[in-house]
Amino acid sequence: MELGWFVKLRSSFYALLLHVIAAAMLIISLDLSPKSILQPKQNINIVNAVAIDKKQVEKELQRLKQAEQKKQETEKKRLEELEKKAKDAEKKLADAEKKRVEEEQKLADTKKKKEQEQQKRELEEQKLAKLEKEKEELEKKRKLEEEHKRQEAADKALKEALAAEEAEVQSEQAQELIDKITADIYRSVVNNFNKSGLPQGLSCVLRVQLIPGGEVTNVTLVESSGNSIFDQRSVTAVEKASPFQTVPDDVESFERLGLRQITFRFIPEE
Amino acid sequence: MNSIIKFINQRILFILLFLAPIAHSADLEIIIDKGIENALPIAIVPFGWSQASALPPIDVSAIISDDLARSARFAPMEEQDMPQRPDDFAQINFKDWQKLGMENLVIGQLNQTETGEYIVDFRLLDVYKGKQIVGFSIPSGKDRLRHTAHEIADIIYEKLIGVRGAFATRIAYITVIKNRDGTKKYTLQIADADGFNPQVLLQSSEPLLSPSWSPDGKKIAYVSFESKNSMVYVQDILTGKRERIASNPGINSAPAWSPDGSRLAMTLSKDGNPEIYVMNLSSKSLQRITTNSAIDTEPAWSHNGSMLAFTSDRGGGPQIYEVPASGGEPKRLTFVGPYNARPRYSPDDKYIAVVNGESNTYRIGVLDRKSGQFDILTETRLDESPSFSPNGHMIIYTTTGFRGTELAATSTDGTVHQRLALEGGEVREPAWGPFMNQ
Amino acid sequence: MNVRSTLIIIFAAILFGCTSTEEKKEVAVEEGAPAGEKTQAYGAGEDTGTGINPLDDPNSPLSVRIIYFEYDSSEIRPQYRKTVEAHAAYLASNPNVIVTLEGHADERGSREYNLALGERRSLSVKNQMALLGASAGQIRTVSYGEERPAAAGSDESAWSQNRRVEILY
């Protein structure tokens, strides 16, 4: 839980940090835009200047009309010249206009582009925010799952612990039972192991098969003492002691206690 | 939270460890570090007999049963306690015998052949395995039937005890019978180890003593007073031929054979007082072993031939000393009690049996030569003349009862004592003979 | 089956071996050594003037013919000094007389040791007599150990009578 809270806090902090970064980027980008469009500003000034020239041309035209009578030929020529000039100017104006429109278009485009970029940026930002949100949700989900899992594990552990505790109780009981059975088997084999007249310092090992109820079904000499009489007396002791009264009848406890096979080590003290 | 898990984990680990020996161990192992020391239960079922019309000449099973009981290593079942009396393998119901805790069963048949000879069949069976341990068909004759029964007892003994039985051996001894006129009749006899089939080798109105078997069991050396003094004789058991081999002035006594049968150790006082000598039997030459003004007597030859043990009172009272058979400095062996005499080596030379006396009580003691441990085996008052059985499991000796000296036997560990009643009069100085077919 | 028949043969061999020993029943008493008779050697003796052999005089110290001993001892006790002296003197004055000293022991302990003990007792008496003038050549010794008790029984009253040296002329 402590961890969860900490993780949550940490992710909130990341989110905040991202926002701050995004905002900062936006500010920086706005600040940068005028500098980046330095060229188009001069064009605008030119266009204004051209507009002032046109007014002067019209004034000249009126003054020229008044002096038309006086100077016909020259006037006409001058007019044509002027017209031509006007035409050029017009053309120039048109060009300028065209240029201005172009420039305007260009500016508009730039602006549009800029707007698009802005939009894009905003979109991206939105996207980012969305992603962040998704991420946050994922994180939250993950955390929840994690928490869930942890809970489950804890539950499981607790359950296991309880089961184990129960098993322990059972095993303690089993151990008690095994101890009792072992003591009983030991006693009855000892009471049937006749070492009268046998040389000292001998030992042998027998593997003995039991069935539920304690009856001996098979005795195998796995390690001889080297003295056949000693070996035989040991085998007889087990055979004579059979059945072992305390060995359970029911197969389940018989198996659980591992009584199917018992190893006997005959090593009488001197 | 973490600590809880940790705790639980530890707990699980602990439990797993705890469960391990039960659930996952190979086998339960039980160490049998103790046992009982009882006579082995055995049932010798009365043997079948082929001639239903007549009684069997001997009760083979009773002889075997008595032999085994006398050894103290077996506890033969009484006939009336037997759940069944099979004389054939197919008739045996092993479960019935198992219920009674009977470990071994002997069944057999006595059959008479057309020529009047006998065949004794016997089987020794493991009751819990339901299997035969050993079985033989032994041809015999009417006069040999007891011997055959003893041989069967020997086989059973060896199969179940691990040491050759000594039932088919013989003992030599001296008997004394008081005549009506007050004189006495002394006889040197040999008999089966159970006292049956006595044969007189020599009889005399003068004392006889110290019979000693040659290692091959064919001759007996002894002391006879028939010539008014103790003299040593060697007599061939089969032919009855005998030879006086020591007749010096003074004592000629206590003959003891070397294990190879070529020499005889004895006590002679021809040089002034009793000393130990060794006589070469073919040349009759003598080698003096002891030189002491005290009594040196009762030599016994170790079975490996290297040593002679003897009684000497050089220390004040009689005690046992040992000297190399080739001569040398005697070394005192016994220190328990004021009186230790008449040593006899056990067949494996590990022990020396002696007569141990204190005030009016004389008992059979056994000295462990290696450890020096000394144990008193008997509980009666005037016990004498210990003699080991050739397998070393029993000691035969005499004790003084109401009728005078009589035979008794004890297991070498002193746990079982019994009187052996022999016909007529006192029985003295039993000497257990060697195995006859080595 | 082969093993079995082999064993039968072995057993048969053993048994036949034994038969031959059993055929031998009793052995008669061997050799012509005269047994049983107590030979008593009487010397010519010395005329004491009374006409009675001093050995037969019940009032003579020579009538005491048995010396008793303590347990496991061959020492002559003071009460027997007179007896030994008398016999020694008799032997000294009758050099042709030969005496036999028979040493005995009580039944306790081992027979062979008692045989030696009986000899030691008889030699003890012999040596004393020799010291007192008898000739060693006149004195024979023999030990019967515990084989010839004078009194039956297994108590001190019997034993004390059996630990002895008999002086036999």
Side-chain angles (χ1 to χ4, degrees), chain A residues 1-2 150 153-154 157-158 160-162 164-165 167-168 170-172 174-175 178 181-182 185-186 189-199 203 205-208 216 219 227-230 232-240 242 256-269, chain B residues 1-2 4-41 71-75 98 100-104 126-130 133 157-163 393 411-413 415-416:
Chain A
M1 282 305 190
E2 285 168 38
R150 199 170 285 147
L158 195 68
E160 274 173 358
L162 283 169
E165 208 159 343
E168 189 190 3
Q170 269 187 11
S171 83
E172 268 168 10
Q175 193 60 43
I178 269 287
I181 293 165
T182 305
I185 293 173
Y186 168 82
V189 173
V190 161
N191 285 337
N192 284 292
F193 176 46
N194 195 342
K195 62 190 182 88
S196 164
L198 293 176
S203 70
V205 178
L206 305 181
R207 190 157 295 146
V208 174
V216 171
V219 182
N227 178 316
S228 62
I229 310 266
F230 184 96
Q232 187 50 47
R233 296 266 190 97
S234 304
V235 171
T236 301
V238 173
E239 288 171 339
K240 234 181 141 177
S242 164
R256 188 165 50 82
L257 295 170
L259 292 168
R260 190 161 288 284
Q261 183 166 287
I262 301 178
T263 300
F264 285 94
R265 188 175 291 275
F266 283 77
I267 178 159
E269 290 168 352
Chain B
M1 189 78 185
N2 283 342
I4 292 169
I5 291 168
K6 203 170 162 189
F7 169 68
I8 289 166
N9 281 341
Q10 273 181 347
R11 199 125 174 200
I12 290 166
L13 190 68
F14 171 71
I15 290 159
L16 283 174
L17 283 172
F18 203 72
L19 281 167
I22 300 164
H24 306 291
S25 71
D27 290 350
L28 181 61
E29 179 170 307
I30 299 177
I31 292 175
I32 305 300
D33 57 353
K34 288 185 174 61
I36 49 165
E37 300 211 23
N38 288 350
L40 292 176
S71 77
R73 306 273 178 141
F74 289 89
Q98 285 174 13
L100 298 166
M102 187 50 60
E103 292 172 19
N104 295 291
D126 183 322
V127 170
Y128 286 88
K129 286 209 162 42
I133 296 167
Y157 195 89
E158 182 156 16
K159 282 290 166 191
L160 299 180
I161 303 292
V163 174
H393 280 190
S411 51
T412 312
D413 59 7
T415 52
V416 181

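Residue numbering restarts at 1 for every chain, and letters A, B, ... go by the order of the sequence lines.
The CZ atom of A:F266 lies 5.0 Å from the CD1 atom of B:I32; values are rounded to the nearest 0.5 Å. Rounding to the nearest 0.5 Å places OH of A:Y186 at 4.0 Å from NZ of B:K34.
Note on ring orientation: taking the six-membered ring where Trp is involved, the planes of B:F74 and B:Y157 are tilted (angle from 30° to 60°).
By number of non-hydrogen pairs under 4.5 angstrom with chain B, the leading residue of A:N227, A:V208, A:T182 is A:T182. Between chain A and the options B:L160, B:I30, B:V127, B:I31, the largest number of non-hydrogen pairs under 4.5 Å is found for B:I30.
For A:L206, no part lies under 4.5 angstrom from a heavy atom of chain B. Of the two parts of A:R207, only the side chain, counted from C-beta on, holds a non-hydrogen atom closer than 4.5 Å to a non-hydrogen atom of chain B. With a 4.5 angstrom heavy-atom cutoff, B:E29 touches chain A via backbone and side-chain atoms both.
At a cut-off of 3.5 Å, with distance as the only test, no side-chain donor of A:S228 or A:Q232 sits close to an acceptor on the other residue.
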Given side chain to side chain contact (heavy atoms under 4.5 Å, CB included), test A:V189 with A:F264 step by step and report yes or no.
CA-CA 9 Å; A:V189 173; A:F264 285 94; 3.8 Å; yes
